[in-house]
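Atoms within a ligand are numbered from 1 in the order they appear, just like the ligands themselves. Position 1 is the first residue of the sequence; numbering continues from there.
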Amino acid sequence: MPGSKLIVISAPSGSGKTTIVRESLKRHPEILFSVSATTRPKREFEVHGKDYFFITKEEFKRKIQNDELVEWEQLYGDYYGTLRSEVDRALRSGKSMLFDVDVNGALSIRAQYPKETVLIFIKPPSMEILTQRLMKRGTETLETIRTRLERVPMELEKENEFHFCVVNDDLQTATDEVDRIIHNVQKEKK
Ligand code: ADP
Ligand code: 5GP
């Protein structure tokens, strides 16, 4: 059976990563999506078990203790983590899997699965545009937008550790570029 590829997409919050991941999954129905666990509140259009597993802090801490997470991070006051059961689902099926995780989570997945992992960094065209996108999305308070922006310099510093970097200026162009990368990864896998 051909080996799974773990395609990890990371970006500063508001760069357009979720938008690009959703489109990539539509274009590649053969690829699985790793549903992370999080303690942050569900946004209006999100679905439990599809976008995230929304769990309490107590449940999350239990999962850490039971070694159910491949990696986890505390971000913006909440916990986010990749479930071992999700990675195993990909490895067992031989299918590739897309991950939407923060930069540290991405590097941690690569450290554990160096042969399988492909890292894609999505970059905003500028801090101004990033701020506008977060405001326009309307899911965050001004305070949480500020917290998300504070992390951006650290995130941009890690860009060089990624295999690919895609600037999300025009959405169609960025999505096509990610699509090309995924297409090539899938071709190599065969
Ligand atoms: P992330 O998952 O990286 O936090 P989202 O995918 O939620 O980011 O995108 C943040 C906001 O920016 C959303 O409202 C989305 O519709 C918008 N957006 C994404 N890409 C672009 C783009 N290229 N041009 C303009 N708006 C964009
Ligand atoms: P959001 O709250 O906007 O959905 O996500 C906030 C940040 O958490 C994003 O950078 C997203 O990629 C990251 N994230 C989501 N799931 C995981 C995960 O399982 N592990 C890590 N490390 N980060 C995650």
Side-chain angles (χ1 to χ4, degrees), residues 6-26 33-55 59-60 63-64 68-87 89-90 97-113 117 119-141 144-145 147-152 154-156 158-159 162 165-179:
L6 309 179
I7 306 167
V8 185
I9 303 195
S10 292
S13 178
S15 303
K17 170 177 35 95
T18 307
T19 311
I20 292 174
V21 165
R22 286 205 180 128
E23 181 58 28
S24 299
L25 289 168
K26 268 197 227 149
F33 176 65
S34 168
V35 182
S36 292
T38 185
T39 61
R40 86 142 159 75
K42 188 172 90 57
R43 293 177 190 147
E44 196 184 341
F45 296 105
E46 290 177 325
V47 177
H48 177 82
K50 181 169 173 278
D51 297 295
Y52 281 107
F53 292 106
F54 296 97
I55 62 176
E59 284 173 298
F60 199 99
K63 287 192 187 300
I64 297 173
E68 289 176 50
L69 301 170
V70 167
E71 60 77 33
W72 63 272
E73 291 287 326
Q74 200 170 4
L75 300 161
Y76 324 120
D78 275 296
Y79 291 93
Y80 294 79
T82 302
L83 292 157
R84 199 171 294 289
S85 54
E86 288 294 87
V87 178
R89 182 161 68 94
M97 184 170 251
L98 265 190
F99 295 73
D100 172 342
V101 301
D102 90 304
V103 287
N104 294 328
L107 299 181
S108 175
I109 292 173
R110 186 186 60 186
Q112 294 175 68
Y113 302 96
T117 303
L119 299 183
I120 306 175
F121 191 85
I122 308 287
K123 204 174 164 179
S126 66
M127 282 298 276
E128 289 70 28
I129 292 179
L130 182 66
T131 311
Q132 283 166 18
R133 284 186 190 164
L134 278 171
M135 309 263 270
K136 208 167 134 228
R137 189 169 72 187
T139 54
E140 254 67 43
T141 61
T144 56
I145 289 180
T147 319
R148 283 172 183 248
L149 290 173
E150 273 172 6
R151 236 177 149 254
V152 177
M154 178 283 283
E155 295 171 315
L156 293 177
K158 302 212 165 147
E159 172 196 332
F162 282 64
C165 176
V166 174
V167 177
N168 180 18
D169 188 353
D170 173 65
L171 181 60
Q172 192 63 43
T173 309
T175 311
D176 286 347
E177 214 171 317
V178 171
D179 190 44

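- Ring geometry for Phe54 versus His48: interplanar angle of 30 to 60°, hence tilted.
- Protein heavy atom nearest atom 10 (C) of ligand 1, with residue, atom name and distance: Gly14 O, 3.6 Å.
- The side-chain heavy atoms of Leu134 and Thr139, taken from C-beta on, include no pair separated by under 4.5 Å.
- Atoms of ligand 2 found under 4.0 Å from any heavy atom of Gly105, numbered from 1 in the order shown, are 22 (N).
- Residue, atom and distance of the protein heavy atom nearest to atom 7 (O) of ligand 1 are Arg137 NH1, 2.8 Å.
- In terms of protein heavy-atom proximity, atom 8 (O) of ligand 1 is nearest to Gly16 N, 3.1 Å.
- The nearest protein atom to atom 22 (N) of ligand 2, hydrogens excluded, is given as Asp102 OD1, 2.7 Å; this is a heavy-atom distance.
- We find that Glu46 and Lys42 are not joined by a salt bridge, their nearest charged nitrogen and carboxylate oxygen being 4.0 Å or further apart.
- Put simply, CG on Leu119 and CD1 on Ile109 are 8.5 Å apart, with the number rounded to the nearest 0.5 Å.
- For the pair Phe99 and ligand 2, no heavy-atom separation below 4.0 Å is found.
- Considering backbone and side-chain atoms together, Leu171 places an N or O closer than 3.5 Å to an N or O of ligand 1.
- Heavy-atom contacts of Glu73 reach the following atoms of ligand 2: 22 (N) (cutoff under 4.0 Å).
- No N or O atom of Ala37 sits closer than 3.5 Å to an N or O atom of ligand 2.
- What sits closest to atom 18 (N) of ligand 1 on the protein, heavy atoms only, is Arg133 CD, 4.0 Å.
- The pair Arg43-Glu140 meets the salt-bridge criterion, since a charged nitrogen lies less than 4.0 angstrom from a carboxylate oxygen.
- Nearest heavy-atom pair across Val35 and Leu83 is O-CD1, 3.6 Å.
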Legend entry - Criterion side-chain hydrogen bond (donor to acceptor under 3.5 Å, both in side chains) on Thr144 and Thr141, from CA distance to verdict: CA-CA 5 Å; Thr144 56; Thr141 61; 3.2 Å; yes

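- In this structure, atom 3 (O) of ligand 1 lies nearest to the protein heavy atom Lys17 N, 2.9 Å.
- For ligand 1, the atoms lying closer than 4.0 Å to a non-hydrogen atom of Thr19 are 5 (P), 6 (O), 9 (O), 15 (C), 19 (C).
- Checked against a 3.5 angstrom limit, the closest N/O atoms of Tyr80 and ligand 2 fall inside it.
- Among protein heavy atoms, atom 2 (O) of ligand 1 sits closest to Thr18 OG1, 2.4 Å.
- Among the atoms of Ser36, some N or O lies under 3.5 angstrom from an N or O of ligand 2.
- Every N/O-N/O distance between Tyr76 and ligand 2 stays at or above 3.5 Å.
- Within the 4.5 Å cutoff, no side-chain heavy atoms of Leu130 are placed close to those of Arg148.
- Residue Arg43 places at least one N or O, backbone or side chain, under 3.5 Å from an N or O of ligand 2.
- Residue Thr82 places a heavy atom less than 4.0 Å from ligand 2.
- The atoms of ligand 2 that sit less than 4.0 Å from any heavy atom of Arg148 are 1 (P), 2 (O), 3 (O), 6 (C).
- A donor-acceptor contact under 3.5 angstrom links the side chains of Ser108 and Gln112, judged on distance only.
- Using modelled atom types, no side-chain atom of Ser34 and backbone atom of Leu98 make a donor-acceptor pair closer than 3.5 Å.
- Only the side chain of Leu75 comes within contact range of ligand 2, with a heavy atom under 4.0 Å; no backbone atom does.
- Here the CD-CD1 distance, from Glu159 to Ile122, works out to 11.0 Å after rounding to the nearest 0.5 Å.
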Inset, instruction - In sequence, state the C-alpha distance, the side-chain angles, and the governing distance for Val21 and Phe33, and then conclude on side chain to side chain contact (heavy atoms under 4.5 Å, CB included). - result: CA-CA 9 Å; Val21 165; Phe33 176 65; 3.8 Å; yes

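- In plain terms, the two heavy atoms of Leu69 and Arg84 that are nearest each other are O-NH2, 3.2 Å.
- The aromatic rings of Tyr79 and Trp72 sit tilted, their planes meeting at an angle between 30° and 60°.
- Distances from ligand 1 to the non-hydrogen atoms of Ser15 include at least one value under 4.0 Å.
- With a 4.0 Å cut-off on non-hydrogen atoms, Asp169 touches ligand 1 through its backbone and not its side chain.
- Residues Asn168 and Ser15 share a closest heavy-atom pair of ND2-O, 2.7 Å.
- Residue Lys17 approaches ligand 2 through these ligand atoms, each under 4.0 Å from one of its heavy atoms: 9 (C), 10 (O), 11 (C), 12 (O).
- Residues Lys26 and Asp179 are not paired through a salt bridge, judged by the lack of any N-O separation under 4.0 Å between the basic side chain and the carboxylate.
- Atoms of ligand 1 found under 4.0 Å from any heavy atom of Ser13 (numbered from 1 in listed order, with element): 4 (O).
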Legend entry - Worked verdict on Arg22 versus Asp51 for salt bridge (charged side-chain N to carboxylate O under 4.0 Å, His left out): CA-CA 10 Å; Arg22 286 205 180 128; Asp51 297 295; 3.2 Å; yes

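- Taking every heavy atom of Arg40 and a limit of under 4.0 angstrom, the matching atoms of ligand 2 come to 1 (P), 2 (O), 4 (O).
- Shortest contact from atom 20 (N) of ligand 2 to any protein heavy atom: Glu71 OE2, 2.7 Å.
- Among protein heavy atoms, the minimum distance from atom 12 (O) of ligand 2 is reached at Asp100 OD1, 2.7 Å.
- Looking from atom 20 (N) of ligand 1 to the surrounding protein, the closest heavy atom is Asn168 ND2, 3.0 Å.
- The nearest heavy-atom contact from the protein to atom 4 (O) of ligand 2 is Tyr52 OH, 2.6 Å.
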